[in-house]
Number of protein chains: 2
Amino acid sequence: MPDDPWQPPRILLAVDLVILTLRAARLHVLLVNRGIDPFRGAPALPGGFLADEHEDIEAAARRELAEEAGLSGVHLEPLGVYGEPGRDPRGRVVSVAHLAIAPRLPEPVAGTDAVHASWTPVDDILAPGAELAFDHRRIIVDGVERARAKLEHTALATAFCAESFTISELQQVYEAVWGVRLDPRNFYRKVQGARGFIVAVGPMRKPSNGRPARLFKAGPVHVLTPPMTRP
Amino acid sequence: MPDDPWQPPRILLAVDLVILTLRAARLHVLLVNRGIDPFRGAPALPGGFLADEHEDIEAAARRELAEEAGLSGVHLEPLGVYGEPGRDPRGRVVSVAHLAIAPRLPEPVAGTDAVHASWTPVDDILAPGAELAFDHRRIIVDGVERARAKLEHTALATAFCAESFTISELQQVYEAVWGVRLDPRNFYRKVQGARGFIVAVGPMRKPSNGRPARLFKAGPVHVLTPPMTRP
DNA sequence: AGAGGTTCCTGTCGAACTGACAAAAAGTTA
DNA sequence: TAACTTTTTGTCAGTTCGACAGGAACCTCT
């Protein structure tokens with residue numbers, strides 16, 4: 001059996017984006033409505049194929065981030081690979097999922113290309129009965145879990161905030177992502193105790209009511225010592 | 001400019017394996033000597049292309065694990081994606097790296113196919129001056145760091161041990177992977193305090209000398225509470 | 001101006017945890 | 001039997017953590 005010189009298979013490579021942000025003290029993820037046929041009309045994660053054979057994977061993720069969400073300069077990190085053979089009816093598609101964190105209050109969509117993007121509370125889209133294209137439900141679950149875990153040991157929470165923020169705003173990030181209530185006094189002590197996590201900038205006044213809060217910005221350290229422990 | 005209907009590029013998908021184990025109280029990684037031309041003769045991680053278009057990625061990793069290392073039934077988890085455009089001179093190759101943990105004392109190689117596999121101390125191969133094919137140095141660094149981090153919060157350390165083991169054997173795992181010395185008495189207390197981490201089986205005698213140690217096996221819990229803290 | 005309300009910030013206190021070290025227990029070797 | 005090695009059980013002081021009290025600073029309403 002003189003089989004021809006074996007050639008490895010060629011597959012399609014895509015990137016998908018789990019973009020998280022905070023809106024109204026709830027964790028939201030950016031979803032688009034699919035316009036083309038596999039899962040047409042269903043909500044899906046922003047993403048797409050590599051533009052050409054020489055495009056870097058992270059560059060493709062940043063390109064989709066700008067094209068489909070109008071975002072740039074946000075936190076972006078690889079999340080995982082999703083390549084189960086039957087996940088895409090069009091053929092063998094392997095997707096490299098990325099996790100992006102957007103600061104609060106980015107304009108509702110501001111999409112340049114796909115205007116069909118919208119922020120959706122993760123609780124709603126992960127509730128039983130909600131439908132998502134492909135295996136994007138699993139990808140969102142993994143992305144949220146990654147964010148929850150990294151909030152404990154890294155300064156990722158500052159990526160949810162604007163350049164300067166108050167400690168209670170930072171606390172809202174932890175409460176929304178973890179889905180718990182935290183004691184403001186203990187939170188204050190712990191955040192201040194983690195060296196290099198946040199540094200003071202100046203005082204401000206809160207628009208509503210109450211004592212004005214000090215303003216902070218993200219510090220130089222990305223690994224928290226001691227870590228923030230989840231209840 | 002009626003450009004033809006755009007077609008996404010097709011790329012080659014590979015799997016690479018970082019297989020870690022303990023030998024003589026040192027952390028080792030399995031390396032093969034490349035027999036074909038890109039980086040011929042240089043040490044490299046075991047791995048290869050997808051067998052066909054329908055092979056699952058994790059299945060490909062397990063296949064390479066058996067073919068190139070003669071291992072089966074060991075811990076295996078995805079590590080990350082390495083797809084930088086210039087990393088393989090043959091073309092656009094995207095590799096899905098996996099991390100595998102082998103119990104101590106698997107027979108030196110026992111390779112069925114590639115007999116050129118050998119265990120190498122990670123300290124040696126990561127020392128400046130050592131040469132590795134492709135970007136495999138970076139992959140090994142990431143794999144070791146993943147193992148170090150997971151030892152803190154999960155029961156991954158038991159994957160380095162045989163089915164039953166003593167507490168001091170478990171301590172050797174932590175010391176080798178973290179590269180530190182630990183107090184046996186505090187380690188004993190901490191391991192016992194993590195509920196569900198290890199469960200007792202029966203007493204044994206140590207071959208050399210000293211008081212016989214109790215035998216344990218891996219418990220049902222994979223998330224350690226409280227975690228093992230790295231000094 | 002003062003009362004009341006809200007939020008921010010500083011403390012306090014007991015329980016739990018950690019790292020450093022002592023010492024007994026149970027074997028092997030000389 | 002003495003010496004040695006390794007495992008196992010404690011002890012103890014310093015630190016951290018969760019729960020809670022209370023003062024400080026601002027707003028709004030009367």
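Each chain gets a letter, A, B and so on, in the order its sequence line appears, and its residues count up from 1. The basis for the numbers below is simple: all heavy atoms, side chains too, and nothing from hydrogens, waters or symmetry mates.
In this structure, A:Thr229 reaches the sugar-phosphate backbone alone: every heavy-atom distance under 4.0 Å involves primed, P, OP1 or OP2 atoms, never a base. Using a 4.0 Å heavy-atom cutoff across all strands shown, A:Arg185 reaches at least one base atom of the nucleic acid. Using a 4.0 Å heavy-atom distance criterion, A:Ser168 is classed as a sugar-phosphate-only contact.
For the OP1/OP2 pair of D:dG18 and a distance below 4.0 Å, the side-chain nitrogens and oxygens of A:Lys190 include at least one atom meeting the criterion. Of the side-chain N and O atoms in B:Tyr188, one or more sit less than 4.0 angstrom from OP1 or OP2 of D:dT9.
With rounding to whole Å, A:Leu215 atom CG is found 17 Å from D:dA25 atom P. Atom CE of A:Met204 and atom P of D:dC26 are 13 Å apart (whole Å). Rounded to an integer number of Å, the gap from CZ of B:Arg214 to C1' of D:dT9 is 11 Å. Taking atom CG on B:Asn186 and atom P on D:dC12, their separation rounds to 16 Å, with Å as the unit. Here D:dT5 presents its P atom at 8 Å from CG of B:Asn209, a figure rounded to the nearest Å. Here the C1' atom of nucleotide D:dT8 and the CD1 atom of B:Ile198 are 13 Å apart, to the nearest Å. Distance B:Gln171 CD to D:dT8 C1': 13 Å, rounded to the nearest Å.
Closest-nucleotide positions on DNA chain D for B:Ala213 and B:Gly210 were compared, and the one nearer the 5' end corresponds to B:Gly210. Of the two residues contacting DNA chain D, namely B:Pro212 and A:Pro226, the nearest-nucleotide position lying further toward the 5' end is that of B:Pro212.
Exactly one residue among A:Thr158, A:Ile198, A:Val201 makes a side chain to side chain contact (heavy atoms under 4.5 Å, CB included) with A:Lys217. That residue is A:Val201.
Nearest heavy atoms, B:Pro227 versus B:Glu152: CB-O, 3.3 Å.
One donor-acceptor pair, N or O on each side, does fall under 3.5 Å between the base of D:dG18 and the side chain of A:Arg189.
Between the side chain of B:Thr21 and the backbone N or O of B:Pro103, at least one donor-acceptor pair lies under 3.5 Å. A:Arg104 places no side-chain N or O within donor-acceptor distance of the main-chain N or O of A:Ala162, the cut-off being under 3.5 Å.
A side-chain N or O of A:Asp142 and one of A:Tyr82 form a donor-acceptor pair less than 3.5 Å apart.
Taking 4.0 Å as the cut-off between side-chain N and carboxylate O, A:Glu131 and A:Arg34 do not count as a salt-bridged pair.
For DNA chain C, the outermost nucleotides in 5' to 3' order that have an atom under 4.0 Å from a heavy atom of chain B are C:dT18 to C:dT28.
B:Tyr174 and B:Trp178 have perpendicular rings, their planes meeting at more than 60° on a 0 to 90° scale where under 30° would count as parallel.
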